[in-house]
Amino acid sequence: MVIDALHEASPRARVARVSLVMAALLSAFALPGCGGREYLRPRLPYNQLSIPYAATQIGRSTSLEVLNVAREKAYQFDPKQVEQALLTQGDTVLAYSGRSIDSLKTWLNLVAFDEYRMTARRKYFFCADERAERAPDGSGKLLFPPRKGILFDAQFVIDPEVLTTPYATEEAQRIAILRWLAGQLDRDVTSLVGDAKRPAQGSDAVTLSGMMVGQVFQGVLAQFDKSPGLAKNLAEERGVAFPHMNLGEGRIRLVTQNDLGAVQIRVNLPMPESK
């Protein structure tokens, strides 16, 4: 009889516990300003981190206009979330860099200007996310499980020498553009902070981001050295797959129009869909 009573009470106890858990979850989602809403709101979303990149127009934005982004309300960060958010300015290059207080996100907006007109000639956005929970395309799509990921975007004026050099194939020209871009980014970072081992200015987020992008391009160029024919697919929506030394597979997309180019790279993250 005692055994029967215990067996009968156990399901009731489980139901009671489940009810309490469900009530707590519902309360968390219902309470305004905390719980559910805070949980659903992404911390340091990519579209906030990339505001300087998005606000810069190639061939039009001046250095003063890009500098003014630092004053925009949308690019101000909660000190409880961000350890450092710095502006670094050189002669023809400036950078907005930062790191989250938990060190899970490191980002860099870098803009290089024409030395005579001081209008934007190249712009880059890089973010390394140690625990990416959402797709970086602004859709808010959840990633399960969360993963380490890298994203890199660039828009630029292609050097005339790269465009006028004769190439055996169109694929060879595309690979040359990527090789030139990788070298140009390295030079832009160096001109801003100096020697990567002994930077003269800027936060370590700038040098670290430059090094990590360099690793990404090593994988990209090694893939095209091995299989140059893959470059014919660079303009497709999903781009071309390449190996990353630490995070598995990445994908790169290159689109060009006249003397303008745009690159999108995602490592362990979904590529953005065309709008």
Side-chain angles (χ1 to χ4, degrees), residues 33 37-38 40-130 132 134 136-140 150-157 184-185 187-194 196 199-210 212-213 260 262-264 272 275:
R37 292 188 181 181
E38 291 300 319
L40 292 172
R41 184 184 300 126
R43 297 183 63 186
L44 301 176
Y46 301 114
N47 60 358
Q48 181 187 19
L49 303 181
S50 62
I51 283 176
Y53 176 87
T56 302
Q57 298 182 31
I58 297 299
R60 301 180 68 177
S61 296
T62 65
S63 57
L64 180 59
E65 290 171 335
V66 179
L67 280 170
N68 284 335
V69 174
R71 303 175 183 175
E72 292 187 9
K73 183 178 180 180
Y75 196 66
Q76 307 308 309
F77 299 100
D78 184 344
K80 295 180 180 179
Q81 293 185 0
V82 174
E83 179 181 37
Q84 52 179 246
L86 299 179
L87 167 64
T88 308
Q89 184 178 9
D91 293 335
T92 59
V93 183
L94 65 83
Y96 289 87
S97 60
R99 179 179 293 114
S100 62
I101 203 161
D102 55 13
S103 298
L104 293 180
K105 283 185 180 178
T106 300
W107 69 91
L108 171 67
N109 296 268
L110 191 71
V111 183
F113 300 90
D114 183 280
E115 61 179 322
Y116 301 109
R117 299 180 181 179
M118 288 307 290
T119 53
R121 192 168 180 85
R122 294 175 297 279
K123 66 174 184 174
Y124 318 90
F125 173 66
F126 167 84
C127 182
D129 195 338
E130 294 291 321
R134 294 175 183 268
D137 58 2
S139 65
I150 288 175
L151 68 91
F152 174 78
D153 290 332
Q155 293 182 14
F156 46 91
V157 179
Q184 194 61 65
L185 174 59
R187 286 188 287 273
D188 288 338
V189 171
T190 300
S191 68
L192 181 65
V193 302
Q201 66 170 351
S203 71
D204 58 353
V206 177
T207 53
L208 177 62
S209 297
M212 294 179 73
V213 177
L260 298 177
V263 162
Q264 293 175 318
K275 297 182 180 179

>> Would you compute the distance between atom CD of Gln155 and atom CZ of Arg121 and round it to the nearest 0.5 angstrom?
In response: 14.5 Å
>> Using side chain to side chain contact (heavy atoms under 4.5 Å, CB included), reason through Val93 and Val111 one step at a time and then give a plain yes or no.
In response: CA-CA 6 Å; Val93 183; Val111 183; over 6 Å; no
> Pairs in or reaching into residues 90-127: which pass ring pair (Phe, Tyr, Trp, His ring centres under 6.0 Å), with residues at least two apart or in two chains?
Replying inline: Tyr75-Tyr96, Phe77-Trp107
> What are the two closest heavy atoms between Val189 and Gly210, and how far apart are they?
Replying inline: CG2-CA, 4.4 Å
>> Within this structure, what is the OG1-CD distance for the pair Thr119 and Glu65, rounded to the nearest 0.5 Å?
In response: 10.0 Å
>> So, taking the atom named CG in Asn109 and the one named CD1 in Ile51, what distance separates them when rounded to the nearest 0.5 Å?
In response: 9.0 Å
> Checking Gln81 side chain against Ile101 main chain: does a donor-acceptor pair fall under 3.5 Å?
Replying inline: no
> If you look at every heavy atom in Leu192 and Leu94, which pair is closest and at what distance?
Replying inline: CD1-CA, 4.3 Å
> Would the number of heavy atoms belonging to other residues, nucleotides or ligands and lying under 6.0 Å from CZ of Arg187 be above 12?
Replying inline: yes
> So, does Gln76 use its side chain to make a donor-acceptor pair with the main chain of Ala70 at under 3.5 Å?
Replying inline: yes
>> Can you confirm whether Lys123 sits close enough to Val66 that some side-chain heavy atom of one is under 4.5 Å from a side-chain heavy atom of the other?
In response: no
> Roughly how far, to the nearest 0.5 Å, is the CG atom of Asp114 from the OG atom of Ser63?
Replying inline: 11.0 Å
> Quick one: side chain to side chain donor-acceptor pair (under 3.5 Å) partners of Ser100, sequence neighbours excluded?
Replying inline: Asp102
> Roughly how far, to the nearest 0.5 Å, is CD1 of Ile150 from CE of Met212?
Replying inline: 4.0 Å
> If you take all heavy atoms of Ala205 and Gly98, which pair is closest and at what distance?
Replying inline: CB-O, 4.1 Å
> What is the minimum heavy-atom distance between Val82 and Arg99, and which atoms define it?
Replying inline: CG1-O, 3.6 Å
>> List the residues meeting side chain to side chain donor-acceptor pair (under 3.5 Å) with Tyr53, not counting sequence neighbours, and say none if there are none.
In response: none
> CG of Asp91: more than 12 outside heavy atoms within 6.0 angstrom?
Replying inline: no
>> Working to the nearest 0.5 angstrom, can you tell me the gap between Gln89 CD and Leu67 CG?
In response: 4.5 Å
> Leu185 versus Leu110: any side-chain heavy-atom pair under 4.5 Å?
Replying inline: yes
>> Do Thr62 and Met118 have side chains that approach each other closer than 4.5 Å (heavy atoms only, starting at C-beta)?
In response: no
